[in-house]
Amino acid sequence: MSEFSKEDMERKVTLEVGDKAPNFEALNQDGVKVALKDFIGKNVVLYFYPKDNTPGCTTEACEFSANYDDFIANDTVIIGVSPDSVKSHVNFIAKQNLKHILLSDEDKQISKLYGVWQVKKNYGKEYLGIVRTTFIIGKDGKILKVYKSVKAKDHAAKVLADLAK
């Protein structure tokens, strides 16, 4: 018998290209409420990552930040989401010199809404966590692309190339 609920065990990314991206609201690194609807008229790269200041997450965040100006030139906002606190995001941004928005999803509501808060396995242990996933959301609020089980290295460049198409 699993220690996880049926809902936890069955959660997966079900959003697809063409679906309306679910709206959300959360605090950014400055403690300001940010909602997806704030960015209608711009493309949004919404990427979910497990934890600030860990190797893969740092690689991914730094690559998005390194390409920040190219994303802006493509009329695109970058938003990273993790279950870390606002304070953790402040430290992560300062330490890594990040340029983009990070949202705190401590209650995992956004992660659950997008289906990325899932049962994971590592070294035979099961636990709940974020499955690294990225969504490109178009200017009309519809999903243009979904990247599931992302590998952090070179991911930002792939997303940028897809946006430029």
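All heavy atoms count here, side chains included; hydrogens, waters and symmetry mates do not.
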* To do: Verify the cluster assignment for Leu98 and Val86: are they in a single hydrophobic cluster under the rule of side-chain heavy atoms below 4.5 Å apart?
  => no
* **Any donor-acceptor N/O pair, Asn28 side chain to Asp30 backbone, under 3.5 Å** => yes
* Would Phe24 and Val81 count as a side-chain contact (heavy atoms from CB on, under 4.5 Å) if you check the C-alpha gap in whole Å, the side-chain angles of each, and the deciding distance to 0.1 Å? -> CA-CA 11 Å; Phe24 57 79; Val81 180; 5.6 Å; no
* Check: Asn74 main-chain N/O paired with Thr76 side-chain donor or acceptor under 3.5 Å -> yes
* Test item: Asp38 side-chain N/O and Ala35 main-chain N/O as donor-acceptor pair under 3.5 Å -> yes
* Asked: Knowing that exactly one of Leu128, Val131, Ile130 qualifies, which makes a side chain to side chain contact (heavy atoms under 4.5 Å, CB included) with Ser111?
  -> Ile130
* Using the six-membered ring wherever Trp is involved, compare the ring planes of His100 and Tyr47 and label them parallel, tilted or perpendicular (cut-offs 30° and 60°). => tilted
* About how many Å separate CD1 of Ile93 and CG of Asn97, when rounded to the nearest 0.5 Å? -> 10.0 Å
* Pairs meeting criterion salt bridge (charged side-chain N to carboxylate O under 4.0 Å, His left out) with involvement of residues 92-114, two or more places apart -> none
* Between Tyr49 and His89, how do the two ring planes meet: parallel, tilted or perpendicular, split at 30° and 60°? -> tilted
* Nearest heavy-atom pair of Lys139 and Asp75: which atoms, and what distance? -> NZ-OD2, 3.1 Å
* Structure fact -> The reported gap from CD in Glu63 to NZ in Lys158 (rounded to nearest 0.5 angstrom) is 9.0 Å
* **Sub-4.5 Å side-chain heavy-atom contact between Val44 and Leu36** => yes
* Exceeds 12 heavy-atom contacts within 6.0 angstrom, atom NZ of Lys87 -> no
* Is there a path of hydrophobic side-chain contacts, each under 4.5 Å between heavy atoms of I, L, V, M, F, W or Y residues, that connects Tyr147 with Val77? -> no
* Begin with the C-alpha distance, continue with both residues' side-chain angles, and end with the deciding distance and a verdict on side-chain contact (heavy atoms from CB on, under 4.5 Å) for Ile110 and Trp117. => CA-CA 9 Å; Ile110 304 169; Trp117 184 254; over 6 Å; no
* Which pair of non-hydrogen atoms, one from Ser104 and one from Ala26, has the smallest distance, and what is that distance? -> O-CB, 3.6 Å
* Asked: For residues Ser82 and Asp84, is any side-chain donor paired with an opposing acceptor at under 3.5 Å?
  -> yes
* Would you give the length of the straight line joining atom CD of Gln118 to atom OH of Tyr127, rounded to the nearest 0.5 angstrom? => 11.0 Å
* Heavy-atom pair with the smallest gap, counting every atom of Pro50 and Pro83 -> O-CD, 3.5 Å
* Quick one: CG on Leu163 to CG on Asp70, what's the gap to the nearest 0.5 Å? -> 11.0 Å
* Spatial distance of atom CG (Leu46) from atom CZ (Phe39) [nearest 0.5 Å] -> 10.5 Å
* Asked: Just by modelled atom types, is the Gly138 backbone N or O under 3.5 Å from a matching donor or acceptor in the Asn43 side chain?
  -> no
* Asked: Are any side-chain N or O atoms of Gln29 and backbone N or O atoms of Leu102, one a donor and one an acceptor, separated by less than 3.5 Å?
  -> yes
* Trace of the side-chain contact (heavy atoms from CB on, under 4.5 Å) decision for Val45 with Ile79 -> CA-CA 6 Å; Val45 170; Ile79 302 174; over 6 Å; no
* To do: Take Lys142 and Leu144 through the side-chain contact (heavy atoms from CB on, under 4.5 Å) test and state the conclusion after the steps.
  => CA-CA 6 Å; Lys142 291 191 176 160; Leu144 299 177; 5.6 Å; no
* Do you know which two heavy atoms are closest between Lys148 and Thr133, and how far apart they sit? -> CA-CG2, 4.3 Å
* Is it true that a side-chain atom of Tyr114 and a backbone atom of Pro22 form a donor plus acceptor pair closer than 3.5 Å? -> yes
* Can you tell me if His155 and Thr134 form a side-chain donor-acceptor pair at under 3.5 Å? -> yes
* Linked, directly or transitively: Phe135 and Leu160 (ILVMFWY side chains, under 4.5 Å) -> no
* Salt-bridge criterion met for Arg132 and Glu60 (N-O under 4.0 Å) -> yes
* Asked: Under a 4.5 Å side-chain heavy-atom rule over Ile, Leu, Val, Met, Phe, Trp and Tyr, are Val116 and Ile137 clustered together?
  -> yes
* Asked: What is the distance from atom CG of Asn53 to atom CG of Asn91, rounded to the nearest 0.5 Å?
  -> 7.5 Å
* With the 4.5 Å side-chain cut-off for hydrophobic clustering, are Val146 and Leu113 part of the same group? -> yes
* Is a side-chain donor or acceptor of Asn67 paired with a backbone partner of Phe64 at a separation under 3.5 angstrom? -> no
